[in-house]
There are 2 protein chains.
Amino acid sequence: MPASRSLIQGDDMYAIPIRDFFKSAFSVDCVIFGYHAGELKVLLIQRGSEPFENFWALPGDLVYPDEDLDSAANRVLMDLTSLTDIPIRQVHTFGKVDRHPLGRVITVAYLALVEFTELSPHASSWARQTRWHPISRIPRLAFDHKEILDRSVLDLKTLVLTEDIWSKVLPEKFTLTQFQEFFECVLNKRFDKGNFRKKLSGAPFLRQLNETQKNVSHRPSLLYSLDRKKFQSARAKGFAFDF
Amino acid sequence: MPASRSLIQGDDMYAIPIRDFFKSAFSVDCVIFGYHAGELKVLLIQRGSEPFENFWALPGDLVYPDEDLDSAANRVLMDLTSLTDIPIRQVHTFGKVDRHPLGRVITVAYLALVEFTELSPHASSWARQTRWHPISRIPRLAFDHKEILDRSVLDLKTLVLTEDIWSKVLPEKFTLTQFQEFFECVLNKRFDKGNFRKKLSGAPFLRQLNETQKNVSHRPSLLYSLDRKKFQSARAKGFAFDF
DNA sequence: TCAAAAGTGTTATAGGTACACCCATGT
DNA sequence: ACATGGGTGTACCTATAACACTTTTGA
């Protein structure tokens with residue numbers, strides 16, 4: 001291995017010709033979390049071709065030459081779910097030399113959290129199957145996707161406390177109990193109802209609506225909606241949940 | 001742009017021939033922080049060639065075809081400082097289409113925090129100059145390196161609370177006051193001496209030595225050393241500083 | 001004996017925890 | 001009327017912040 005040189009100085013400075021550095025590719029892989037029936041799930045595809053044919057895998061794609069990383073991740077998310085305006089977050093980049101059997105491919109992992117949704121019909125063009133899997137029961141995955149998923153689950157737990165990554169996981173109008181149950185699910189902790197609400201009281205980003213639940217066999221709950229702008233500005237001032 | 005397909009299915013599935021995806025490269029850039037005289041500094045190089053000749057930049061290099069990302073980052077760090085066994089952490093991957101004038105190059109940013117040190121003589125082979133810069137006074141930087149640096153400074157503030165990234169920033173033997181001053185510097189906060197020590201009392205990873213400061217014109221401080229193993233296991237059980 | 005920083009103790013208060021209790025609705 | 005979950009109040013207790021005080025060294 002030659003002595004190191006700073007980035008791209010010209011072929012003659014490298015023992016390895018510089019064009020050899022341009023024989024690699026990069027992809028994005030999306031860890032799309034969904035929340036349903038009090039359970040956290042992740043969207044997996046079943047691969048339709050080699051390598052790892054028939055294995056379940058995270059949805060992902062090579063990044064086009066003229067495409068930003070974030071755009072590529074958004075494209076994958078959009079193709080599968082038809083959802084727009086979903087906050088995504090880069091998790092980590094995985095680049096082991098042998099992680100892809102067909103060449104040097106590093107992958108940038110992204111994470112999203114969406115309201116549980118029927119899959120886009122378009123989704124079927126991606127792979128043999130597309131399906132939500134509960135986090136607690138994940139099949140054997142292709143490539144290093146298990147490692148990517150595990151890492152993303154960890155990151156999710158810190159992201160929900162500080163970022164607006166959760167802002168599309170609940171319906172437009174939600175109850176404080178639903179809000180609480182979501183955090184209990186992700187963080188795997190239980191909270192006291194009264195104390196949880198006390199922490200949230202006066203949170204400027206939770207708008208109480210003049211509307212209540214209908215057709216429930218108990219006292220109907222007040223409904224709330226999220227003011228995403230106000231959450232952003234609270235966050236900018238250092239706000240974070242301390243659940 | 002063609003309909004998306006899962007990762008690498010064969011040339012015929014792509015409107016863009018798959019070999020076009022392998023015309024990109026990736027690099028690592030290292031944000032090497034040092035702590036000296038109560039100030040946080042960062043190691044920059046002055047580029048010796050185009051593009052951005054004479055601009056200051058983060059040290060970085062293309063990743064060799066048979067080299068892991070972490071290894072590449074360690075190599076850069078090692079070349080510049082001759083230091084080994086320094087914890088590094090991946091920060092973020094930057095991949096805007098036009099971020100590098102000579103082609104599609106995405107870069108994976110890494111962060112390290114070292115005891116202030118004379119630079120390795122080897123360092124001069126890297127660039128015109130190599131120098132520590134206080135993070136409060138950073139010159140105009142090449143590429144998108146200012147963005148990378150800003151992001152790393154933010155990440156550092158959370159990493160010092162949860163990870164062992166700080167474990168090589170102090171001398172082998174240090175005082176609790178030095179320990180406090182380091183955190184005050186990075187977090188840009190001041191702490192009460194008594195309360196700070198109370199929080200640390202009983203921390204199993206701080207070993208009190210049978211040794212004191214010498215030749216100080218005041219009561220000499222007890223010296224401590226870090227038990228990195230014990231810190232790791234505390235961290236594994238969920239420990240984090242709550243400064 | 002003085003300056004300077006180490007190191008410990010004390011107290012008031014804020015915030016968290018646990019829990020009890022009432023409320024509104026469908027059956 | 002009662003079961004069910006919504007919603008609120010209180011009392012205790014602990015963690016923290018602010019500050020005062022004693023200790024040990026070199027000059």
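A note on names: the letters A, B, ... follow the listed sequences, proteins ahead of strands, and every chain is numbered from 1. Hydrogens, waters and symmetry mates are skipped; everything else that's a heavy atom, side chains included, is used.
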- Given dA5(C), is OP1 or OP2 found less than 4.0 Å from the side-chain N or O atoms of Thr177(B)? no

- Rounded interatomic separation in angstrom, taking CZ from Phe179(A) and P from dG7(D): 14 Å

- Item | Pairwise 5' ranking along DNA chain C for Lys193(A) and His218(A), keeping only the more 5' one |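 Nearest nucleotide further toward 5': that of Lys193(A).
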
- Message: Quick check for you: among dA17(D), dA6(C), dT17(C), whose closest atom lies nearest to any side-chain atom of Ser221(B)?
- Response: dA6(C)

- Which residue lies more 5' along DNA chain C, comparing Gly194(B) with Asp242(A) via nearest heavy atoms: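 Of the two residues, Gly194(B) wins.
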
- Query: Taking the side chain of Arg219(A) as heavy atoms from C-beta outward, which of dG7(D), dC19(C), dT10(D) is closest to it?
  - Reply: dG7(D)

- Is Leu222(B) touching bases, backbone alone, or none of the nucleic acid, heavy atoms closer than 4.0 Å?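 Leu222(B): backbone/sugar contact only, no base atoms under 4.0 Å.
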
- At under 4.0 Å, does any side-chain N or O of Ser217(B) touch on OP1 or OP2 of dA3(C)?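 No, outside the criterion.
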
- Message: What is the distance, to the nearest angstrom, from the CG atom on Asp192(B) to the P atom on dA5(C)?
- Response: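 Distance check: Asp192(B) CG to dA5(C) P gives 16 Å.
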
- How close or far is atom C1' of dG7(C) from atom CD of Gln208(B), stated in whole angstroms? 11 Å

- Item | Between dG6(D) (P) and Lys198(A) (NZ): distance, integer Å | 18 Å

- Phosphate OP1/OP2 of dG7(D) contacted by Arg197(A) side-chain N/O (<4.0 Å): yes

- Task: For Leu200(B) and dA6(C), give me the distance from atom CG to atom C1', rounded to whole Å.
- Result: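 That distance rounds to 15 Å.
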
- Here the pair of heavy atoms bringing Ile88(B) nearest to Asp70(B) is CD1-O, 3.9 Å

- Item | Residues Lys199(B) and Asp192(B) bridged, charged N to O under 4.0 Å |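 The answer is no: the pair does not qualify as a salt bridge.
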
- Item | Nearest-angstrom distance from the residue atom NZ of Lys214(A) to P of dG26(C) | 9 Å

- Task: Would you kindly give the CG-to-P distance between Asn215(B) and dT25(D), to the nearest whole Å?
- Result: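 After rounding, the gap between these two atoms is 12 Å.
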
- Message: Tell me the interatomic distance from Leu206(A), atom CG, to dG7(D), atom P, rounded to whole angstroms.
- Response: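 Distance, rounded to whole Å: 13 Å.
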
- Give me the ring orientation class for Trp166(A) and Phe205(A): parallel if the planes are under 30° apart, tilted from 30 to 60°, perpendicular past 60°. tilted

- Query: Charged N to carboxylate O below 4.0 Å: is that the case for Asp68(A) and Lys96(B)?
  - Reply: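 No.
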
- Message: Under a plain distance cut-off of 3.5 Å, with no hydrogens placed, do Arg128(B) and Asn54(B) share a side-chain donor-acceptor pair?
- Response: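 A donor-acceptor contact under 3.5 Å links the two side chains.
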
